[in-house]
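Any value given below was found using the heavy atoms of this structure, including those in side chains, with hydrogens, waters and symmetry copies removed.
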Amino acid sequence: MTAPTTTRAEYCVIACAEAWRGDGEVLASPMGLIPSFGARLAKRTFSPDLLLTDGEAMLVGLDGTAEGWLPYRRHLTMVTGGRRHVMMGASQIDRFGNQNISCIGDWERPARQLLGVRGAPVNTLNNPVSYWVPRHSPRVFVAHVDMVSGVGHDRAAAAGPSATRYHRLPRVVSDLGVFDFSGPGHAMRLVSVHPGVTVEQVRAATGFELAAAEEVPYTREPTAEELRLVREVIDPGGLRDREVRG
């Protein structure tokens, strides 16, 4: 029997997994369903040295069994030492990677109160931070965020060496494609589109001018083993398709 066609959600899992390729022994901190599947896939395949947690206080193995204790003080040491790669969400993100998870609208009287800045400033200035956006739209990919929670390239540069020394934003993954910040002046650049998506669709869903090569490739295909792991081991219940619909 022919295997089912790779779904949009599965391309997103693959794209998120690739964020941790080559990281070595660092703490993977995925925030969200698809990023967590991606981190687990990366550890099972091309990044076996990744450290995973239960999201609270324990380091866990591939089967979820606790392998060690991760108290808050040790977690902070890993953050400030750069041995952690977070994949956060973003209610808004701009072309230089400034991220907002705090409020929508004017700070004095916001239209909507969100999570607050949480650990975003410390994360972005001390260890690699990537982003996951399940619904790519001009309301999320904006010209200017309403409030800076995670620090982007332009603001880090303006703050000087103390802010840029460990600042790194490897990638952004959305339900439409994959992005990095290798455009002019560290502007966001379209790296790949997921199969079934066009560059024109991505540009129309983005609220700023997006850098891109003349020929934008598709997000890579998963291997047969990666698909098996996603479908049979990591997410046999198909929760991925609830977050990203094809």
Side-chain angles (χ1 to χ4, degrees), residues 12 16 19 29-36 55-56 72 75-76 79-80 84-181 183-190 200-211 242-245:
C12 291
C16 287
S29 294
M31 300 180 185
L33 193 66
I34 296 292
S36 69
E56 294 185 11
Y72 198 58
H75 197 124
L76 287 176
V79 172
T80 55
R84 180 178 182 237
H85 184 167
V86 185
M87 182 168 278
M88 299 180 68
S91 300
Q92 292 179 327
I93 189 167
D94 68 21
R95 66 192 299 252
F96 294 110
N98 295 292
Q99 169 244 32
N100 176 23
I101 51 172
S102 187
C103 66
I104 301 298
D106 183 75
W107 168 254
E108 297 296 329
R109 193 177 180 84
R112 183 175 300 174
Q113 178 66 51
L114 305 175
L115 292 172
V117 296
R118 305 293 291 259
V122 174
N123 288 339
T124 48
L125 296 184
N126 287 281
N127 48 238
V129 175
S130 294
Y131 292 107
W132 159 243
V133 178
R135 299 287 183 272
H136 191 129
S137 79
R139 296 177 62 182
V140 179
F141 287 75
V142 297
H144 302 284
V145 297
D146 292 338
M147 178 179 173
V148 176
S149 302
V151 180
H153 285 283
D154 56 341
R155 289 180 177 267
S162 63
T164 58
R165 185 177 181 185
Y166 300 114
H167 182 264
R168 189 162 75 88
L169 307 178
R171 68 169 45 196
V172 177
V173 180
S174 81
D175 60 330
L176 298 184
V178 180
F179 311 82
D180 64 16
F181 293 94
H186 291 293
M188 191 181 293
R189 179 182 70 105
L190 178 59
E200 291 71 24
Q201 283 177 297
V202 177
R203 290 193 187 280
T206 303
F208 52 82
E209 184 178 351
L210 186 62
R242 298 183 187 180
E243 186 166 19
V244 177
R245 301 185 184 278

Item to complete: Supply the atom-to-atom distance Leu33 CG to Glu243 CD, rounded to the nearest 0.5 angstrom.
Response: 5.0 Å
Worksheet entry | Met88 side, atom CE; Asn123 side, atom CG - distance, nearest 0.5 Å | 5.5 Å
Worksheet item: Roughly how far, to the nearest 0.5 Å, is CE of Met87 from OH of Tyr131?
Response: 11.0 Å
Item to complete: Carefully, step by step, assess Met188 and Leu210 under the rule side-chain contact (heavy atoms from CB on, under 4.5 Å).
Response: CA-CA 6 Å; Met188 191 181 293; Leu210 186 62; 4.0 Å; yes
Fill in: Test side-chain contact (heavy atoms from CB on, under 4.5 Å) applied to Ser130 and His85, step by step
CA-CA 8 Å; Ser130 294; His85 184 167; 2.9 Å; yes
Worksheet item: If you measure from CZ on Arg165 to CG on Leu125, what distance do you get to the nearest 0.5 Å?
Response: 13.0 Å
Response to the item:
Closest non-hydrogen contact found for Leu176 with Ala205 is CD1-CB, 3.9 Å
Discussion item. A quick test of your reading: do over 12 heavy atoms of other residues, nucleotides or ligands sit less than 6.0 Å from CD of Gln201?
Written reply: yes
Fill in: Taking every non-hydrogen atom, the tightest pair across Ser91 and Leu114
OG-CD1, 3.4 Å
Worksheet item: Parallel, tilted or perpendicular: which fits the ring planes of His167 and His153, with parallel below 30° and perpendicular above 60°?
Response: perpendicular
Got a list of side-chain donor-acceptor pairs under 3.5 Å for residues 136-147, not counting sequence neighbours?
unit_1 : atom_1 : unit_2 : atom_2 : d
His136 : ND1    : Ser174 : OG     : 2.9
His136 : NE2    : Thr206 : OG1    : 2.9
Ser137 : OG     : Arg139 : N      : 3.2
Asp146 : OD2    : Gln92  : NE2    : 3.2
Asp146 : OD2    : Gly105 : N      : 2.8

Worksheet entry | Closest approach of Ala163 to Ala159 (non-hydrogen atoms, all atoms of both residues) | CB-CB, 3.6 Å
Response to the item:
Here the pair of heavy atoms bringing Arg84 nearest to Ser29 is NE-OG, 2.9 Å
Fill in: Heavy-atom closest pair, residues Cys103 and Pro110
CB-CB, 3.8 Å
Practice prompt. Decide yes or no on salt bridge (Lys or Arg N to Asp or Glu O under 4.0 Å) for Asp180 and Arg189, but give the supporting numbers first.
Written response: CA-CA 5 Å; Asp180 64 16; Arg189 179 182 70 105; 2.9 Å; yes
Discussion item. Using 0.5 Å steps for rounding, measure from the CG atom of Leu169 to the OG1 atom of Thr124.
Written reply: 7.0 Å
Practice prompt. List the atom of Trp132, the atom of Asp175, and the distance in Å for their closest heavy-atom pair.
Written response: CZ3-N, 4.2 Å
Worksheet item: Which distance, rounded to the nearest 0.5 Å, do you find between the CG of Asn100 and the CG of Leu115?
Response: 10.0 Å
